[in-house]
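Have a look at the structure below before the remarks.
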Amino acid sequence: MRLRDDWDFRGLVHQVTDETVLERLSVGGVTAYIGFDPTAASLHLGSLLQLCNLRRLQMAGNRPIALAGGGTGMIGDPSFKAVERPLLTLEQIEANVEGIREQLTRFLDFTPAAGPSQALLLNNASWLTTISLTDFLRDVGKHFTVNQMVAKDSVKSRLDRDDVGLSFTEFSYMLLQAYDFLRLNLDHECTLQLGGSDQWGNITMGTELIRKSAGRSAAGLTSPLLLRADGTKFGKSESGANIWLDAALTSPFEMHQYFLNTEDAMTPMLLRFFTFFDHDTILDLDEATKAAPQERRAQRALANAVVTLVHGEDAASKAERAGEALFQPSIAELDETTLLTIVADAPSSTFGREEFAAGIDGVDLVVRCTLAKSKAEARRFLEQGGVYVNNIRLEPDARVGLESTLHGRYVVVRRGRRDLHLVVVQ
RNA sequence: GGGUCGGUGCCCGAGCGGCCAAUGGGAUCUGGCUGUAAACCAGACGGCUUUGCCUACGGGGGUUCAAAUCCCUCCCGGCCCA
């Protein structure tokens, strides 16, 4: 399968600077890069598409470069951002880059075994923090006019607003990213930059700089922005939190559940973006959703594929089994080992046997399990019928005691559809 | 530095002396229907020792029986001028 046909099928291409890009990628031997912002110590689902794209590139015989934005992270990309962002400290950024490095290795082959398509991880701090201001203004700034910079869609909305402004610092960001591309082009023969469609403006600044200052040609390719059917941004949990790739921040179980709950309309797109299934498999799954949506075969395949990719096969099958058992009332009939496997990812807390024997008030139980932020909230959940003990709804004024324990010491407390907590009585 | 407009709960935004824990929208949460979806419907949405009390409308101070609302001052932001 040629990369070009594959990417067309999957709808991975939004814009390209020229039509030869996909052709060259299909042949192989191209060095291409994507930048990752070290705004946190872990990447989240927002970066998943770009990670997959780099992986696809490499599989087709090209060399991927993951560029950690240790230098640009100090400035902050204003593209399509509504407000100025707080600056991160150098120490924060360095720590974040370290965390991200680890995650990239799951997607890309950084070993010499990959030969000419061996992946590289670079940090733009190495050149951005050492170039002098005057050099930068002469060598980079001179090639652009403020007129064109102001006209960029990515900053236009900020300039048009009358309640917030755009600092010079953030405004300069696009020049830094352009310079990154130039450096990679000169030092690593990198001729292509990929990104989300919001990066188009920054990418073309780079290709322009390379043409003007080095007289070389370079290209850009953007992927569509991931939107949910209702137009909102993809990749946040129900509570608005990010779904992280770090298992310590988002358990494999949560991630699995997230994809399992994908609405039908989104599933075909996510299968194309985030899995490496062949086209027939994908078309079959599309068909399965139409024929028997309640079975959610496509969602299951998607969830398993993504969790396997990010956390490995073991974690994926564990997450799947946990989900199956969790929503059955038969939880009380599970043997101890199975039960513990299922709730392994859930947060847990320990209660003393004596206090538990006396019976715990429902409100206290929910608060101590951190399933509610306050007693008022806990009361609300109870009154609304949103608290379950061992999958059985807990009445508002009920107490929970030893008779509720499974195997003499476990109680599975659930808040709402899918917020779990394991109580261990000691 | 000068002028001017503004800073309200997660976000947007109304209120402009008491009827304000603060209209409305969004987000979120819980429930219902379903398929552990989507859409839709209903309810909730600062805290507590919960018919009451406490904390909150950028910070501090003041006027008043009473302030998110008036005054002073400081901080922060937008725009214009220098």
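All of these numbers come straight from a predicted model, not from anything done at the bench. In what follows, chains are A, B, ... by sequence order, proteins preceding strands, each numbered from 1.
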From the list [options], which nucleotide is the closest neighbour of the side chain of [X]?
{"X": "R296(A)", "options": "C45(B), G35(B), G31(B)", "value": "G35(B)"}
{"X": "D264(A)", "options": "C48(B), G31(B), A37(B)", "value": "A37(B)"}
{"X": "R415(A)", "options": "G47(B), U30(B), G35(B)", "value": "U30(B)"}
{"X": "Q384(A)", "options": "U50(B), A44(B), G35(B)", "value": "A44(B)"}
{"X": "N261(A)", "options": "C48(B), U36(B), A37(B)", "value": "U36(B)"}
{"X": "F381(A)", "options": "U36(B), U30(B), U49(B)", "value": "U30(B)"}
{"X": "A376(A)", "options": "G32(B), G35(B), G47(B)", "value": "G47(B)"}
{"X": "Q299(A)", "options": "G35(B), G32(B), C48(B)", "value": "G35(B)"}

Distance between the [atom1] atoms of [N] and [M], in whole angstroms?
{"N": "C70(B)", "M": "G26(B)", "atom1": "P", "result": "30 Å"}
{"N": "C19(B)", "M": "A66(B)", "atom1": "P", "result": "14 Å"}
{"N": "G46(B)", "M": "C41(B)", "atom1": "P", "result": "23 Å"}
{"N": "C80(B)", "M": "U64(B)", "atom1": "C1'", "result": "38 Å"}
{"N": "C76(B)", "M": "G59(B)", "atom1": "P", "result": "15 Å"}
{"N": "G9(B)", "M": "A56(B)", "atom1": "C1'", "result": "8 Å"}
{"N": "A22(B)", "M": "U34(B)", "atom1": "C1'", "result": "38 Å"}

| query | Do R417(A) and U30(B) have a side chain to base donor-acceptor pair shorter than 3.5 Å? | reply |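 No, no donor-acceptor pair under 3.5 Å.
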Does [N] pair with anything, Watson-Crick or G-U wobble, both distances under 3.5 Å, and if so, with which nucleotide?
{"N": "A42(B)", "value": "U30(B)"}
{"N": "A14(B)", "value": "none"}
{"N": "U63(B)", "value": "none"}
{"N": "U4(B)", "value": "G78(B)"}

| said: Ring-plane angle category for Y410(A) and H407(A), please: parallel below 30°, perpendicular beyond 60°, tilted otherwise. | reply: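 Correct class here is perpendicular.
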| request: Check the angle between the aromatic planes of F351(A) and F356(A) and answer parallel, tilted or perpendicular using the 30° and 60° thresholds. | output: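 Judged by the thresholds at 30° and 60°, the geometry between F351(A) and F356(A) is perpendicular.
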Students often get this wrong, so: under 4.0 angstrom with heavy atoms, is [X] touching a base, only sugar-phosphate, or nothing?
{"X": "E383(A)", "value": "nothing"}
{"X": "R297(A)", "value": "nothing"}
{"X": "Q257(A)", "value": "base"}

Looking only at side chains, do [X] and [Y] share a donor and an acceptor under 3.5 Å apart?
{"X": "S117(A)", "Y": "N62(A)", "result": "no"}
{"X": "Q193(A)", "Y": "Q199(A)", "result": "no"}
{"X": "E263(A)", "Y": "Q299(A)", "result": "no"}
{"X": "S349(A)", "Y": "H421(A)", "result": "yes"}

| Toward the 5' end of RNA chain B, by each residue's nearest nucleotide, K373(A) or E295(A) | E295(A)
| Between R393(A) and L260(A), who's closer to the 5' end of RNA chain B by nearest nucleotide? |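 Per heavy-atom nearest nucleotide, the more 5' residue is R393(A).
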| Should R380(A) be listed as having a side-chain N or O under 4.0 Å from OP1 or OP2 of U50(B)? |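 So the side chain of R380(A) is outside the cut-off, no N or O lying under 4.0 Å from OP1 or OP2 of U50(B).
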